[in-house]
There are 2 protein chains.
Amino acid sequence: MSRPCHHNHQEPIKLDDLTERLREKSQKITGPRQAILEVMRREAHPVTNKKIMALLPDGVCDLVTVYRSMHLLEKMGLVRRFDFGDGAARFELVRGNSEDHHHHLICTECTTVVEIEQCFPNALEKQISQESGFKKLSHKLEFFGICPECQS
Amino acid sequence: MSRPCHHNHQEPIKLDDLTERLREKSQKITGPRQAILEVMRREAHPVTNKKIMALLPDGVCDLVTVYRSMHLLEKMGLVRRFDFGDGAARFELVRGNSEDHHHHLICTECTTVVEIEQCFPNALEKQISQESGFKKLSHKLEFFGICPECQS
DNA sequence: GCCTTATTGCAAATGATTTGCATAAGGAGG
DNA sequence: CCTCCTTATGCAAATCATTTGCAATAAGGC
Ligand SMILES: [Mn+2]
Ligand SMILES: [Mn+2]
Ligand SMILES: [Zn+2]
Ligand SMILES: [Zn+2]
C-alpha cells in the first residue's frame, strides 16, 4: 500500500496562475492553452503530447499547438517534463511548491505508473557535487519494475 | 577530485567473451561486430551510434549495422544503454561484474561526463518495491549540473 | 473597433531509429 | 578447400517524435 500523498492534488487556482504569469510576459491567454491546462489538471500521471491531444475536446487545436504549449508551460514552470524511456516526452502538472520534484515507478509490462515520493538522498547529491566540482546539481530518476497485476 | 575508480577498465578478454557468447547463440563473429567492440573498449563514457560510426575505421560498415550491432551487444549484456536526455541513445561497454551498474553526471553546458559511483540506496529501492508491490525493480538515474570549466 | 504582436494551422523539414529486401559473408560439415 | 544453409549487411525507404516556415487568425491594450 502507498502512503498518504504529499502532493497538493486539489489546487483550484491554477488557471488564474496561468493567466497571471502569461500576462506578465505579454503572452496571450488562448483557448488551446486553457483547454490543455484543464486536461493536465485531471491527469494524475505524466502524459504525452499525443495523449493530451486525444484528451482535448475535438477541434480545440492542432498537435503542433500542443507541442508549443507544453514548451511554454514547461518554461513557465507550470508543468514538468519526464522521460519514461520510450521515445515520447511526458508532462505532469506542477502542483504545490514548484521546488519539489518527485519520481515514478513504471511497469515494464503494462506501463502502469505509480508516483514515488522517495528521492535520491540530498546528502549524496551534495557529496557528488563536492567530489566533482559541478554546481547546480539535479537529477533524472525513474524506477521500473513489474506491477502486481502483471506478475502472474 | 574524484576517488580511485572502482571499475575494471582493463579487461582484455572482452573480445573472446563476445566470440564465446555469439557462438552459443549461433550468431556470427563478423568484422563490424569486432570493430565496434574495439571502439567501445577505448571509450570511457557512453557514446552514441553516430559517434561509434565516426570512430570506426572508414568503410567498416553502415550506420544501420551499428544500430543492429548495438542492439545485439545490449541483448547479450556486453554493453549498456544510457539516456542523457538529448534524443540519442548512448552505449557503454560493461566492464567487470555485469550485475553492477553506475550513473553519470553530465554538464548541461558542454556535455562533459563524469562517472558516478553513488547509486540510489538499495534499502530505499526495496522499500519502494514493498510499498508498491512491484517486483524486479530497477532504475534509471543520471545527474546534471555545471562543470568547473563552465562555471565562469 | 483598430492595430500591433503573439498564436495557430498546415505542410514540410529534421533527426534518430527501424524495416524490407536482395546480396554478401560466416562457419559447420564434408 | 568447397558447399550449403543461415545469419549479417547495405541501401533505400518507412516510422515516429518533434521542430520549423510562413501565411492566416485571434488577443488584448488603447
Ligand atoms: Mn508524478
Ligand atoms: Mn559510465
Ligand atoms: Zn503492469
Ligand atoms: Zn561543462
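Throughout, protein chains are lettered first and strands after them, A, B, ... in sequence-line order, and every chain is numbered starting at 1.
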Take the protein atom [atom1] of [X] and the nucleotide atom [atom2] of [N], then report the distance between them rounded to whole Å.
X      : N       : atom1 : atom2 : answer
K75(A) : dA6(C)  : NZ    : P     : 12 Å
E24(B) : dG27(C) : CD    : P     : 14 Å
Q34(A) : dT7(C)  : CD    : P     : 13 Å
N49(B) : dT9(D)  : CG    : P     : 14 Å
D86(A) : dA16(C) : CG    : C1'   : 14 Å
Y67(A) : dC16(D) : OH    : C1'   : 8 Å
E20(A) : dG28(D) : CD    : P     : 15 Å
K25(A) : dT7(C)  : NZ    : C1'   : 17 Å

[N] phosphate, OP1 or OP2: any side-chain N/O from [X] under 4.0 angstrom?
X      : N       : result
T30(B) : dG26(C) : no
T48(B) : dA16(C) : no
R33(A) : dT7(C)  : yes
K50(B) : dA16(C) : yes
H71(B) : dT18(C) : yes

How do L72(B) and V64(B) order along DNA chain D: which one's closest nucleotide is nearer the 5' end?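 Result: L72(B).
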Report the end-to-end axis angle of the helix from dG1(C)-dC30(D) to dG30(C)-dC1(D); each axis comes from five terminal pairs, and the value is rounded to 10°.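 Computed from the C1' atoms at both ends, the axes differ by 30°.
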Report the residue (R81(B) or G31(B)) whose heavy-atom-nearest nucleotide on DNA chain C is the more 5′ of the two.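 It is R81(B), whose closest nucleotide lies nearer the 5' terminus.
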Before we go on, tell me: are the rings of F143(B) and F134(A) under 6.0 Å apart, centre to centre?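 Not close enough - the centres of the two rings lie 6.0 Å or further apart.
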What nucleotide among dG9(C), dT5(C), dG29(D) has an atom nearest to a side-chain atom of K28(A)?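 Nearest to the side chain of K28(A) among the choices is dT5(C).
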If you check every side-chain atom of L63(B), which of dG9(C), dT17(C), dT7(C) has the closest atom?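 So the side chain of L63(B) is nearest to dT17(C).
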Which heavy atom in V60(B) sits nearest to a heavy atom in A35(B), and how many Å separate them?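 Result for this residue pair: CG1-CB, 3.8 Å.
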Are the side chains of [X] and [Y] in touch, meaning some heavy atoms are under 4.5 Å apart?
X       : Y       : value
E131(B) : K126(B) : no
F91(B)  : P46(B)  : no
L22(B)  : K28(B)  : no

Geometric class of the F82(A)/H102(A) ring pair [parallel <30°, tilted 30-60°, perpendicular >60°]: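 If you compare the ring of H102(A) with that of F82(A), the planes turn out tilted.
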If the plane angle is over 60° it's perpendicular, under 30° parallel, otherwise tilted; pick one for H139(B) and H101(B).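 The rings of H139(B) and H101(B) stand perpendicular, inter-plane angle above 60°.
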Within 6.0 angstrom of E149(B) CD, more than 12 heavy atoms from elsewhere: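 Count not over threshold, so no.
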Give V60(A) one of three labels, base, sugar-phosphate or nothing, depending on what nucleic acid heavy atoms sit under 4.0 Å from its own.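 Sugar-phosphate, no base atom in range.
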Do R68(A) and dG9(C) share a donor-acceptor pair, side chain to base, under 3.5 Å?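 A donor-acceptor contact between them is present.
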